[in-house]
Number of protein chains: 2
Amino acid sequence: MIDGLDARILELFTREPRIGVLEASRRLQVARGTVQARLDRLRDTGVIASLAPTVDPAALGFRVTAFASLDIRQGARASVAAHLSRIPEVLEVHTITGQGDLLCRIVARDNDDLQRVIDDLVGDDDIVRTSTLIALSTVVAPRILPLVESAATPPSRSWSTRGITPGESDRNSAVVP
Amino acid sequence: MIDGLDARILELFTREPRIGVLEASRRLQVARGTVQARLDRLRDTGVIASLAPTVDPAALGFRVTAFASLDIRQGARASVAAHLSRIPEVLEVHTITGQGDLLCRIVARDNDDLQRVIDDLVGDDDIVRTSTLIALSTVVAPRILPLVESAATPPSRSWSTRGITPGESDRNSAVVP
DNA sequence: AACTCCAGTGGACAATCTGCACAGTGGTTT
DNA sequence: AAACCACTGTGCAGATTGTCCACTGGAGTT
């Protein structure tokens, strides 16, 4: 899906988001248009899902993160989903295999507040049982770069054979106006 | 921590990241400097944790998401953490309460590939037991705006009393040069 | 009541960047 | 061989950014 240059672009923009296309092209030793085209394609293909700023719930005062596993009544998935999406502290919900039916990522201001959120959570009669795991500390913070690099493995791809290796940028003769 | 204007700024930049400070100030009916100052402060206070592009693992070919709960040997947390951070498919790890000791968010190319990732995962002898939950579907996609809105305390705060209500922007007389 | 503090306003400036276009090059594919 | 495609280097107009400035008005303080 992506090649080494894409990975380097993603890495650069992840580390220094405000860098801009022009400066990025300088750092990567490629033409500005190339970086621009790559970025456009990365957005078009969905690799770059969003350019939205990442908001830290902790900085908003929600210092507790927890994962709640919910057992729900058969066929009530949709209604439970609607219920959950109405709770702001529910950041993410997945259907999962295993004992539980749903796994929610939730936040709260503190442990007492977490109780309130959980009470909100289980306010739906279609939720049969819940089990909550409180995140005590973050061992590996959310990251994506290692995966990006591992996804870029093949040094060359059909739609991008050149521009991978740094230092070959001025091989073309310049266009004389 | 944040007020209504901050929330509206975050919402605007989340929905339309490429909007720019100038256009944002027009939409929000406030002075450009205000938006700029708010954004600076949101970054300084950590509310905006990052401006990095959000990369979608699925678009990189990692279509399977799973959560792995790991029981680890006493006191081996640090070494296990190091082990986990060496695996690119491990996107996030938390220490948790409850039966397991660690909760990992992992991705893989497909179900077979997930087995490989899990094998990598349990390659550490300090990991005693694992239990994996595969995410079958996303019921509520990762989101933050509802929380932002709920965090936006009453219309006024100590360091931001004005500029909340639209339509009052041109109340001040202009500075005549 | 007078005063200070602070966030917001409207404006101005230079410097920079973006979006877009173009022709030429060279590797790959048909 | 011809077509195709990605990349390069370049140019340009328009827009935006970063950073000043002086002033206004509300809130809290002395």
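We name chains A, B, ... by the order of the sequence lines, and we start the count at 1 in each one.
At C/dC17, one or more side-chain N or O atoms of A/Arg26 fall inside 4.0 Å of OP1 or OP2 (strictly under the cut-off). The side chain of A/Gln36 contributes no N or O atom lying less than 4.0 Å from OP1 or OP2 of C/dT18. Residue A/Arg38 places at least one side-chain N or O closer than 4.0 Å to OP1 or OP2 of D/dC7.
Distance, A/Asp40 CG to C/dG19 P: 8 Å, rounded to whole Å. Going from atom CG of A/Leu51 over to atom P of C/dT18 covers 13 Å, rounded to whole Å. Rounded to whole angstrom, the span from the CG atom of A/Leu39 across to the P atom of D/dA6 amounts to 15 Å.
Counting only N and O atoms by type, the side chains of B/Ser69 and B/Ser131 include no donor and acceptor under 3.5 Å apart.
Using a cutoff of 4.0 Å between basic side-chain nitrogens and carboxylate oxygens, B/Asp119 and B/Arg116 are not scored as salt-bridged. Note on A/Arg26 versus A/Glu23: salt bridge recorded, some NZ/NE/NH1/NH2 to OD/OE distance being below 4.0 Å.
A/Glu23 comes within contact range of no nucleotide atom at all, as no heavy-atom separation falls under 4.0 Å.
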Walk me through whether A/Leu103 and A/Val93 qualify under side chain to side chain contact (heavy atoms under 4.5 Å, CB included). CA-CA 6 Å; A/Leu103 183 65; A/Val93 180; over 6 Å; no

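For A/Arg32 against D/dG11, a side-chain-to-base donor-acceptor contact under 3.5 Å is present.
At least one side-chain heavy atom of A/Ile2 sits less than 4.5 Å from a side-chain heavy atom of A/Val47. A/Arg18 is listed as a side-chain neighbour of B/Leu51, based on a closest heavy-atom distance under 4.5 Å.
Sorted by residue number, the members of residues 10-22 of chain A with any non-hydrogen atom under 4.0 Å from DNA chain C read A/Gly20, A/Val21, A/Leu22.
Among residue pairs with one or both ends in residues 53-77 of chain A, those qualifying as salt bridge (Lys or Arg N to Asp or Glu O under 4.0 Å) are A/Asp71-A/Arg129, A/Arg73-A/Asp126; sequence neighbours excluded.
Atom CG of B/Asp125 has 12 or fewer neighbouring heavy atoms from other residues, nucleotides or ligands inside a 6.0 Å radius.
Direction change of the helix axis from one end of the helix from C/dA1-D/dT30 to C/dT30-D/dA1 to the other is 40°, with five pairs defining each end axis (rounded to 10°).
A cation-pi arrangement is not found for A/Arg105 relative to A/Phe67, the charged atom failing to lie both closer than 6.0 Å to the ring centre and inside a 45° cone about the ring normal.
For B/Leu5, counting side-chain heavy atoms from C-beta on, the closest listed nucleotide (D/dT17, C/dT9, C/dG8) is C/dG8.
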